[in-house]
Each structure stands twice: as C-alpha cells, then as structure tokens.
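Contents: one structure, followed by commentary.
These numbers were taken from a predicted model, which means no experiment stands behind them. To find a chain, count down the sequence lines: A is the first, B the second, and so on, and within it residues start at 1.
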Amino acid sequence: MSGALAVASWVLLAAGSVFAVVGGVGIVRLPDFFTRMHGAGITDTMGAALILGGLLCQSPDWQVAVKLLMILAFLFITSPTSGHALARAALANGLKPRLDERETEATSSTP
Amino acid sequence: MLDVTMVAILVTMALALARASMGPTVFDRILAVNMFGTKTVLLIAVIGFLTDRPEFLDLGLVYALINFIGVVALLRFIRFGHFAEPDEAERMDR
Amino acid sequence: MKYLVSLFLLLSMTWLLWSGIWEALTLTLGLVSCIAIVAFVRRMGVVDEEGALVEFALRPVLYIPWLLWEILKANVDVALLILSPTLHISPRVIRVKAGQRTGLGLVVHANSITLTPGTVSIDIEGDTIVIHALTRESAQGVESGVMDRKVTALEGRH
C-alpha cells in the first residue's frame with residue numbers, strides 16, 4: 001500500500017469513526033423519536049460511507065473493492081427504506097412528532 | 001487505525017443499545033436495533049480487514065440483508081399483528 | 001419478457017462478482033439459482049418496469065456524486081447540531097410536492113431526502129412527500145426544490 005493511499009485510508013476511517021459516534025450520541029441525546037431518526041441517519045450514511053471508503057483504500061484486490069462498494073450501495077438503499085417504513089409505522093400508530101412551539105406555521109401544517 | 005475504528009463502532013453500538021433499553025416507545029427500540037444492525041455490518045467488515053480475511057465481507061452483506069428484512073417484518077408485525085398483507089388474508093381463503 | 005431477461009442478467013452478474021470462483025460446479029449452481037429465482041419471480045407476478053433497472057441504469061452517474069456532496073454537507077451540519085451543548089433544534093413537519101411521474105422516481109426522491117440528514121421523509125400522500133425536518137435550514141433546503149428537479153430529470157422521458 002502506497003503512502004498517500006494509507007494516509008487517505010486513515011483519514012477516512014478516523015472521520016467515519018467520529019461520525020459514527022456522533023450519530024450514537026444523537027440517538028441517545030435527541031428528545032423524541034422523529035428527531036432521533038436524524039441521529040441514526042448520520043451513522044447510516046456518513047459513518048458507513050467513510051468507514052467502508054477507508055477500507056476500500058486498503059483493499060488487496062478488485063473483488064474485495066467491488067464487495068465493499070456493493071455493501072455500501074446496499075446500505076444506502078435499505079437504510080432510508082427501513083427508516084421510511086419505521087416512520088410510517090410510528091405515524092400509523094398515532095405517534096406525533098414533537099414540534100417546535102415557537103413556530104406557528106409549523107404547527108398549522110401538522111397532519 | 002483499524003482498531004480505533006472498531007472501538008468507535010463498538011461505542012456506537014453501546015449507545016444504540018442504551019437507546020434500545022431506554023425506549024420509551026417500541027419504535028425507538030426498533031430504530032436503535034436497526035442502527036445496531038448496520039453497525040454490525042461495518043464491524044464485520046472491519047474485523048475482516050483486521051484479521052486479513054476478506055471473506056468476512058460476504059457475511060457482512062448477508063447480515064445487512066437479514067437486518068433489513070427483519071426490521072421490515074417486525075414493523076409489519078407490529079402494525080398488523082400478522083405477517084400477511086391485509087388483502088392477502090382473504091386471498092388465502094379462496 | 002424484457003424485464004425477466006434483464007433480471008436474469010443482473011442476477012448472473014451479481015453471482016459472478018460475489019463468488020469469483022470460475023469452476024464448472026460453482027457456475028452451474030449459480031446458473032441454476034438464477035433461473036430458479038427468475039421462475040419464482042415470474043410465478044409471483046412481481047416483475048414490472050420497477051423491478052428492472054434497464055432504463056434507469058445510466059443516468060445516475062451525475063446524480064450520485066451530487067447526492068453524496070449534499071449528504072456530506074448535511075451531515076456536518078447535523079453533527080455540529082448534535083454536539084452543541086444547547087441542542088438548538090426546531091423540529092417541524094413540511095410537505096413538498098414531488099414532480100416525479102413514476103413510482104421508482106418517487107422512491108428515489110423520498111430516499112434521497114431521508115439520506116440527507118436533517119430531513120426524513122415520513123409519509124407519501126399521493127404526489128406529496130411529508131417530511132420531518134430537524135431545523136429551519138434543513139427544511140428550506142428541501143423546499144428549494146433542487147432535489148425534486150434533479151430526480152425528475154433522472155427519470156427522463158418514457
């Protein structure tokens with residue numbers, strides 16, 4: 001592995017780790033279900049993309065690289081889909097998003 | 001660097017587990033478990049590179065598939081109480 | 001028929017890329033499972049233009065880098081928001097008209113909205129996407145309609 005590629009891999013892995021942990025903090029810290037979905041979104045998009053990208057720089061042959069890209073593509077298709085299913089199920093079960101009280105126009109458009 | 005990434009993923013998984021145990025609604029728990037699952041996929045991939053066994057990536061993809069299907073099936077079960085489509089129940093009678 | 005053939009090609013390609021073993025037995029097993037899946041899918045009657053990506057395959061080349069860049073920007077914003085000690089969020093629900101004509105285009109649009117952190121598509125009512133946004137800025141990002149136009153352009157003309 002050449003020097004530049006190794007540095008790129010480290011940077012990507014480090015950034016991906018930071019984003020993953022931030023998303024984890026978000027899912028614990030944010031106040032209600034719908035806002036927590038944004039926290040989960042961070043780890044699912046940026047955390048996964050950067051960590052798999054970092055691994056991609058270290059991949060020994062093309063087949064490993066293809067597999068990493070396919071895992072990434074798969075995660076990028078399924079994670080919003082399951083997120084949407086989750087939000088719809090929550091709405092259907094009568095869970096209302098907690099909205100900002102200071103915003104009158106936001107509350108007027110509540111379903 | 002790989003071991004640092006692994007620790008970060010494990011911390012994220014622990015935070016997701018914390019949310020899964022805190023709740024308060026069942027959807028928070030499913031969200032946390034779904035996130036735990038996608039982190040597991042990343043963890044498997046990182047372990048594969050750490051131990052120099054790229055065949056772990058195949059396990060990762062299978063885990064991602066099972067995780068997705070599992071979450072959708074669970075949501076459907078919570079919503080309808082069974083795994084069939086609403087109109088499928090009557091179709092099965094015929 | 002066209003979709004069944006394209007599904008078969010897609011499955012065979014996936015098998016070859018993932019196995020990487022060019023032996024007679026493995027290739028035969030792959031061929032058998034691809035044919036079995038095509039037969040199952042045909043029996044289930046779930047093959048239509050949404051199942052096959054033939055017409056959709058080439059245009060995302062420009063869309064994906066743009067989407068990744070948007071995801072990066074939104075991620076940094078939301079990450080800073082989560083880490084800030086005051087947690088200055090103002091969640092809101094907005095509705096956006098989606099100009100897509102096909103179901104697949106609508107799915108791509110809704111999923112792209114969810115992929116950019118700060119906005120999550122929580123429901124689809126006809127041609128309107130209901131979106132939960134974390135802040136005023138992220139809501140304005142969707143309401144500008146840039147993504148809507150890009151996804152509609154992605155659909156092309158049928």
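The part of B:N34 that comes within reach of chain A is its side chain, from C-beta onward, which places non-hydrogen atoms under 4.5 angstrom from that chain. Heavy-atom distances place both the backbone and the side chain of A:F33 under 4.5 Å from chain B. In this structure, the portions of A:V25 lying under 4.5 Å from any heavy atom of chain B include both its backbone and its side chain. Interface residue A:L13: backbone and side-chain heavy atoms are both found under 4.5 Å from chain B. Only the backbone of A:L30 has a heavy atom closer than 4.5 Å to any heavy atom of chain B. Proximity to chain A (any heavy atom under 4.5 Å) is shown, for B:M13, by neither the backbone nor the side chain. Only the side chain of A:I51 comes within contact range of chain B, with at least one heavy atom under 4.5 Å from a heavy atom of that chain. When heavy atoms are compared at a cutoff of 4.5 Å, B:L42 approaches chain A solely by way of its side chain, counted from C-beta outward. Both the backbone and the side chain of B:F27 come within less than 4.5 Å of a heavy atom in chain A.
Options B:L31, B:L65, B:V4, B:T38 differ in how many heavy-atom pairs under 4.5 Å they form with chain A, and the most are formed by B:L31. Contact tally against chain B (heavy-atom pairs below 4.5 Å) for A:Q63, A:M70, A:R88, A:R36: the top residue is A:R36. If you tally non-hydrogen atom pairs under 4.5 Å between each of A:V28, A:I27, A:D61 and chain B, the highest count goes to A:I27. Put simply, of B:D58, B:N67, B:V41, B:V26, the one with the most heavy-atom pairs under 4.5 Å next to chain A is B:D58. Chain A forms more heavy-atom pairs under 4.5 Å with one residue of B:T25, B:V7, B:L61, B:V71 than with any other, namely B:L61.
The minimum heavy-atom distance linking B:G60 with B:I44 is given by the pair N-CG2, 3.9 Å. In terms of heavy-atom proximity, A:C57 sits nearest to A:L12 at SG-CD1, 4.0 Å. Residues B:A32 and B:A16 come closest through the heavy atom pair CB-O, 3.2 Å. In plain terms, the two heavy atoms of B:T12 and B:M35 that are nearest each other are CG2-CE, 3.8 Å. Annotation for B:R19 and B:P24: closest pair NH1-CD, 4.2 Å, computed over non-hydrogen atoms. Closest of all the heavy-atom pairs between A:G83 and A:M37 is O-CE, 3.3 Å.
Considering CG of A:L50 and OG1 of A:T45, their distance stands at 8.5 Å, rounded to 0.5 Å. If you take CG on B:L50 and CZ on B:F56, they are separated by 10.0 Å, rounding to the nearest 0.5 Å. Taking CG of A:L52 as the start and NZ of A:K67 as the end, the distance is 14.0 Å to the nearest 0.5 Å.
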